[in-house]
Engineer: 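Pasting a structure below so you can have a look.
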Amino acid sequence: LVNLPLRISADLGTQEAADFGPLTILFRRTASGADYAVCRKVPEAECAEGVSPDFVWRRYLGDPRAGSLQLSLVLPDLPVVITPDSPVYVSPGVEVELFAQIPGFLALSLLPSDETQAPPPLEEIPTVELGRTWLGSAAEGRLCYYLASSLGETAPGPSPDGWDGRIVSPLRIRNNAGEAVQVQKLVVLSRQLSVLQEPDGTLTTNATLNVLQRDGETSFAVGRERLKDKAGRRVITRPRNPEEDSWWKRGIDLIQRISSYS
Amino acid sequence: MLRFLPSDLQGLVDTESLLTVLRVLAALVLSLMAVRLIAFSAGRILRRRVSDQSAMLLRKTINYAGFVLVLMVVLSQLGLSLPALLGTAGIFAVAIGIASQTSFSNIVGGFFLISEKPFAVGDIISVAGITGIVQSIDLLSIKIRTFDNRFVRVPNETIIKTEVVNITRYPIRRLDFEFVVEYGADLPRLKELLGEIASEFPALLREPEPLYVIKGFGSYGVQILYGVWFPKDDYLKVKNGFAELLHQRLPAAGFPFAVEPLVRG
């Protein structure tokens, strides 16, 4: 993953493959167009080809000149709710930092042979299968991905077996509640985060702040520190909608809270 | 000037009257087109700012009000007195009102529906034994398209008087699966297994947690209710997919469904 985004090119009548974390992507060009398949890697003991045999070829019928397939890394399209494996207690007035690992998504785009700018992705596929959950009440809330995680206190380094499809996400918890609080879930606002590559190759996001309030409420925000300023860090993916948590939205939230205060 | 008319009509129509009629007709056509254009433009402009239902209501209000206005202007152009017209219209309104009390109660019902907003255009509702997607909410009735593609018109009065279930009001739903397992089944293990099966089904939500209830002890087994939550759009996927999974996994894990024994007399 040194040179993201990756590109797979294939001549007419040939088939090429590339690895993307726990996925293998096959690409072939035929006289009628371009086909691709996304397969999950399996141990060679289970399958001689090294990929799950139940993959399906998908035919792209857009542009017959499509010469290559672009593989980009994006963060999940919904917020990720992380449930700690073991209870986490945070003392009053303290800010702590924990590290979760969230799955990256593979975004696939087909590039016509004479263009360098990738068109919008054909599809986005999670590198690790994710469940879904609901954040809020049954009458109002938002759909999120669900992830059970053992939260570490130090950032994990690169795996010797290669990238496993996960991205390290720092989570800050600030307890403003005035008493010790047990953290049951944490939220990663993935649409507002960037993916950054550390000098050692580890992929990280910028930090998400979870603030525990006095009345038992929790609010979420993206950390303001500029992680990319550190020497050797490289931005791989920009936020999908960076303005979502902007100052004016916070202002509107504040006005709504004041108006509904009783 | 009027030579194009048959000779027996030439004495009946003078030039001035004909020009007046032509002018009024042209004004009528152009005014009605302008009203339609204003209603259409208002609908397009407001489409992204207000709900479909409000935009449709505004379009219809502009259409009806514009039509009445154009009609009154046209009639006054033809030389009819406006106060006399309004007076006649008032008398007609009273007469029509008395004669059509049902329609009036529908209109009042329509106002209640618009102000109370129990559902909106695009919602799936169930009313008077009919379930379908709301196509429009009008002053006299609502129009529903059923899932087997029938068009149903339900008078507003019926909606006001009967129970209406808005199936898609909230973003998530719970679907309850009820089944009976044989007496002697390991119920704590059954609860655990149901949780495992639910977590394997991708359309289901982890939270809110599934509802597990031992409903009672029936004549041939223990009655179980298992309610799972999902985003409202995944209804059919869950209804069929999860039922299929339960049917396959429970007997395989040692929890056969109990069935009522056949009694031969």
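Letters go in sequence order (proteins before strands), and every chain restarts at 1. We use all heavy atoms of the structure for the numbers below, so side chains are in, but hydrogens, waters and symmetry mates are not. From a predicted model like this one, the values you see are computed outputs, not experimental measurements.
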Engineer: Just how far is it from atom NZ of A/Lys185 to atom CZ of B/Arg206, taken to the nearest 0.5 Å?
Structural biologist: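 A/Lys185 NZ to B/Arg206 CZ: 13.0 Å, rounded to 0.5 Å.
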Engineer: If you count every heavy atom of other residues, nucleotides or ligands that lies below 6.0 Å from B/Tyr183 atom OH, does the total exceed 12?
Structural biologist: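 Yes - once you tally the heavy atoms of other residues, nucleotides and ligands closer than 6.0 Å, there are more than 12.
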Engineer: Could you have a look at B/Ser199, B/Pro208, B/Pro171 and say which one has the most heavy-atom pairs with chain A under 4.5 angstrom?
Structural biologist: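 Going by pairs under 4.5 Å, I would pick B/Pro171.
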Engineer: Are A/Leu143 and B/Ile172 packed together at the side-chain level, in the sense that at least one heavy-atom pair is separated by less than 4.5 angstrom?
Structural biologist: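 They are not in side-chain contact.
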Engineer: Does A/Glu95 have more than 12 heavy atoms from other residues, nucleotides or ligands lying within 6.0 Å of its CD?
Structural biologist: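 Enclosed.
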Engineer: Can you tell me if CD on B/Glu196 sees more than 12 non-hydrogen neighbours from other groups inside 6.0 Å?
Structural biologist: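 Buried by this count: over 12 neighbours within 6.0 Å.
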Engineer: Less than 4.5 Å to any heavy atom of chain A: does that hold for the side chain of B/Pro231, its backbone, both, or neither?
Structural biologist: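 The side chain, not the backbone.
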Engineer: Just wondering, are more than 12 heavy atoms of other shown residues or ligands nearer than 6.0 Å to NZ in B/Lys232?
Structural biologist: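 Atom NZ in B/Lys232 is crowded, with more than 12 foreign heavy atoms closer than 6.0 Å.
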